[in-house]
Number of protein chains: 2
Amino acid sequence: MHLSETPMKLRAAQLRVTAPRVAVLEELTSRPHADADDLVVAVRERLGSVSVQAVYDVLRALTAAGLVRRIEPAGHPARYETRTGDNHHHVVCRSCGAVGDVDCAVGAAPCLQADDPDGFTIDEAEVIYWGYCTECRDDVPGIDRSTAPQPGSLSEPAP
Amino acid sequence: MHLSETPMKLRAAQLRVTAPRVAVLEELTSRPHADADDLVVAVRERLGSVSVQAVYDVLRALTAAGLVRRIEPAGHPARYETRTGDNHHHVVCRSCGAVGDVDCAVGAAPCLQADDPDGFTIDEAEVIYWGYCTECRDDVPGIDRSTAPQPGSLSEPAP
DNA sequence: ACCCTGTCTTGAACCATTCCAGTCTGGTGT
DNA sequence: ACACCAGACTGGAATGGTTCAAGACAGGGT
């Protein structure tokens, strides 16, 4: 995979090719689920200096163009990833905020057909799994599904 | 339903019974999915004056005790609801942020069994449906599933 | 009735993100 | 090649929801 194809992606998305954009997009490819701050640091290592706002601006442009997807887990800063278009969801560690990709076991959207959405017109379903990553489960003693803040959805099977 | 049973709920949850707590809990029962600011206003109408921090504090205590559930839709302030423990999810209006309850069509958690969560120990699955409420769909001309920012999960049925 | 723990108040800080005005530059047309 | 201009970047400041800190106060067990 040649990195030089990144500019072509930008072009294909009707976006100008600039150093910050290429840098953000490539860094994001090599480290999925990075947050804005991670990217600022990473891009600065590449280019010497970039303003925080430039990174946010780039991320907004890329998101609008559909090249990156924004994930906003409650209580954590937004994460970004380049894997777009496929129906996948995320696991988030309650402790360290680590994010992992999860393909829905059923493949795509069977339970995502909402039952009676009060007249809402639904166009997207977003699933976030909460739990603990391997490291945090080991670090924090006694963490198991029993110590979770809320019993939560999974622990209540259908009546 | 007597309002006076609210203190008993607090007691049952090992919480002290105070005016702000009773007020927050009862207001939250009568207006589900209220955000912190709504509650500050509502509680002030009842009690004359309460500090914003008291409301946040009460909400945190109630949430920790499992009496209320916190919903944090990306890009909107947190909402709170008293309906806890049952496996239900939410629809959020992209335009006005209105929130509605949705019972999963399948009843409970079939697709919520994550496939290969990278070693994560999952204890909860959170589903948020995005779309437009009845009013906003009418107000903003041309809104339909075709104008949605991202095609999203629902538009991609299983291969 | 007393005391202690936990709750409310006031005030300020926090953080991710956005807004603003100005300067610079990619890329298209001449 | 050159010039032009919409659109990107820079720096600085502001926003808004939420949380922290220190002190005054009060619920409720003893």
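Naming: A, B, ... by sequence-line order, numbering from 1 per chain.
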Problem set entry | Interatomic distance, B/R21 CZ vs C/dT7 C1' [rounded to whole Å] | 6 Å
Exercise. Do the charged groups of A/R83 and A/D101 touch, with an N to O distance under 4.0 Å?
Worked result: yes
Exercise. Does A/R94 reach the main-chain N or O of A/Y132 with its side chain, forming a donor-acceptor pair under 3.5 Å?
Worked result: no
For this session: Using a 4.0 Å heavy-atom cut-off, write out nucleotides 17-30 of chain C from 5' to 3' as B (base contacted by protein), S (sugar-phosphate only) or - (no contact).
Result: BBB-----BBS---
For this session: Say whether B/L59 and B/I71 are linked into one hydrophobic cluster, either directly or through other cluster members, by side-chain heavy-atom distances under 4.5 angstrom.
Result: no
For this session: In whole angstrom, give the distance that lies between atom CD1 of B/I71 and atom P of D/dT18.
Result: 12 Å
For this session: Grab the two heavy atoms, one from A/A36 and one from A/Y80, that are nearest each other, plus how far apart they are.
Result: N-CE1, 4.1 Å
For this session: Measure from CG on A/D57 to P on D/dT10 and round the result to the nearest Å.
Result: 10 Å
Problem set entry | Non-hydrogen atoms of A/H76 and A/C93 that approach each other most closely | NE2-O, 4.1 Å
For this session: Run the salt-bridge test on A/E72 and A/R70 with the 4.0 Å N-O cut-off and return the result as yes or no.
Result: yes
Exercise. Rounded to whole angstrom units, what separation is found between the CD atom of B/Q14 and the P atom of C/dT5?
Worked result: 17 Å
Problem set entry | Atom-to-atom span, CZ of B/R44 to P of C/dC8 - whole angstrom | 14 Å
